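Only a predicted model underlies this, so the values are computations on that prediction, with no experimental measurement involved. Note that ligands are numbered from 1 as they come in the structure, with each ligand's atoms numbered from 1 the same way.
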Amino acid sequence: MKLRDIPTPALVIDVPAMERNIRRMADFAAESGCLLRPHFKAVKTPEIARRQLAAGGCVGLTCQTVGEVEVAIEEGLTTDILLTNEIIGPGKADRVARVAGRGDVKVAVDSEFGVRDLARAAREAGTEIGVVVDVNVGLVRCGVEPGEPAVALARLVHETPGLRLSGVMGYEGHAVGKEDRAEREALATKAMGILLPAAQQVREAGLPVGFVSAGGTGTYDITGRMEGINEIQPGSYVLMDTAYAKLDLPFEQAFSILGTVIHRSPGHCVLDTGLKACAVDHGNPSIKAEEGASVRFLSDEHATIDLPASSKVAVGDPFELWPSHIDPNINLHDVMYAVDNGEVVGIWPISARGYREQREIRL
Ligand SMILES: Cc1ncc(COP(=O)(O)O)c(C=O)c1O
């Protein structure tokens with residue numbers, strides 16, 4: 001199968017570029033001594049996670065949803081999983097407890113409610129769940145406040161039957177995307193200046209802190225070099241996006257949305273890659289190969305592309321877009337077409353996409 005035989009719209013992977021990204025991150029882990037825990041949320045695709053884990057330097061995987069954890073365990077990707085999200089809501093803790101016994105699953109908590117719910121689920125399932133105290137390092141998202149609140153939560157976890165205090169985490173998501181390296185470094189340093197003392201206070205309270213985890217693609221070599229950070233959780237680096245491409249990172253854009261030209265007018269063409277195939281939350285996609293072309297707008301099932309007068313683009317042509325943000329784009333598709341030098345070498349299921357409980361629930 002060739003690229004132009006792929007039914008569109010489709011998500012296409014540039015396999016050699018992806019492999020280079022994987023190698024560069026594994027090389028960083030080897031050189032820095034910081035362990036890697038690639039974030040599965042970015043790709044949700046077992047075939048890619050297998051390659052990341054096989055490249056070396058990895059302690060396991062990071063997940064953001066219970067469904068991702070279930071897929072990681074069912075597919076046998078790893079037994080060492082950190083779920084960097086608050087697992088609150090009907091059925092979530094019970095699903096974690098169900099798979100916890102099949103691996104070393106560690107879940108982020110930032111509330112007493114979360115601790116009690118996980119403990120109840122662990123007790124009912126007759127298992128033990130690892131817990132990581134999630135500290136607010138400035139993102140204004142989740143995370144318990146550092147200092148006494150973090151220590152108190154860690155103590156509660158440690159003293160609660162069914163739970164095991166595994167470590168401390170804090171995600172500096174407000175730093176990772178800053179294009180200016182100095183600004184990114186300053187923000188990440190400030191964030192870790194909150195996380196590392198918070199972890200130390202938990203230790204000084206006599207509680208076990210197995211590891212301290214933080215970091216994303218934009219800060220992998222900043223946070224990942226800090227004394228006391230044991231592992232980093234980058235996800236986007238493996239396929240990248242045009243938002244991250246604006247930073248000074250050594251990773252290449254390795255995925256695109258492939259469409260077909262369905263209309264041609266003198267100044268523009270229209271593709272079948274609308275908002276249902278290409279997310280635009282970080283801005284419109286870029287154009288991979290057509291010189292002088294630009295995206296005007298996307299609607300539900302269409303992308304309108306402005307073309308220069310010299311353009312030879314014709315109805316029926318394949319046309320590739322480079323998305324601005326990896327995660328929401330991956331989540332829109334069922335499979336990835338893995339392409340090497342124009343040849344499709346694999347069709348990889350995006351097994352952890354969507355909300356699998358919606359496909360399984362019955363009244
Ligand atoms: C908790 C957490 N850790 C790590 C990451 C990975 O970040 P990136 O995609 O920038 O590598 C994210 C991404 O949003 C995240 O939410």
Subject >> Backbone N/O of Y237 and side chain of N21: donor-acceptor pair under 3.5 Å >> reply: yes

Original post:
Are side-chain heavy atoms of N136 and V144 found at a separation under 4.5 Å?
Top reply: no

Original post:
Closer than 4.0 angstrom: is that true for some heavy atom of G177 and an atom of ligand 1?
Top reply: no

**OP:** Could you tell me whether some N/O pair between S236 and ligand 1 is separated by less than 3.5 angstrom?
**Re:** yes

Subject >> Non-hydrogen atom of Y244 closer than 4.0 Å to ligand 1 >> reply: yes

Subject >> Flag for Q233-T62: side-chain donor and acceptor within less than 3.5 Å >> reply: no

Original post:
If you look at every heavy atom in S324 and A279, which pair is closest and at what distance?
Top reply: OG-O, 4.3 Å

**OP:** Kindly confirm or rule out an N or O of R141 lying under 3.5 angstrom from an N or O of ligand 1.
**Re:** yes

Subject >> Contact (N/O only, under 3.5 Å) between G215 and ligand 1 >> reply: no

Original post:
Less than 4.5 Å apart, any side-chain heavy atom of R50 and any of L77?
Top reply: yes

**OP:** Return the residue, atom name and 0.1 Å-rounded distance of the protein heavy atom closest to atom 14 (O) of ligand 1.
**Re:** K41 NZ, 2.8 Å

**OP:** Tell me which protein heavy atom sits closest to atom 15 (C) of ligand 1, plus the residue, atom name and distance to 0.1 Å.
**Re:** Y171 CE2, 3.4 Å

Original post:
Based purely on interatomic distance, does Q233 place a nitrogen or oxygen under 3.5 Å from a nitrogen or oxygen of ligand 1?
Top reply: yes

Original post:
Hey, is E70 close enough to R95 for a salt bridge, meaning N to O under 4.0 Å?
Top reply: yes

Original post:
Just which atoms of ligand 1 are under 4.0 Å from any heavy atom in T217?
Top reply: 8 (P), 10 (O), 11 (O)

Subject >> Worked verdict on F28 versus Y220 for ring-ring contact (aromatic ring centres under 6.0 Å, His included) >> reply: CA-CA 9 Å; F28 169 75; Y220 79 100; 5.0 Å; yes

Original post:
Heavy-atom contacts under 4.0 Å between H39 and ligand 1: side chain, backbone, both, or neither?
Top reply: side chain

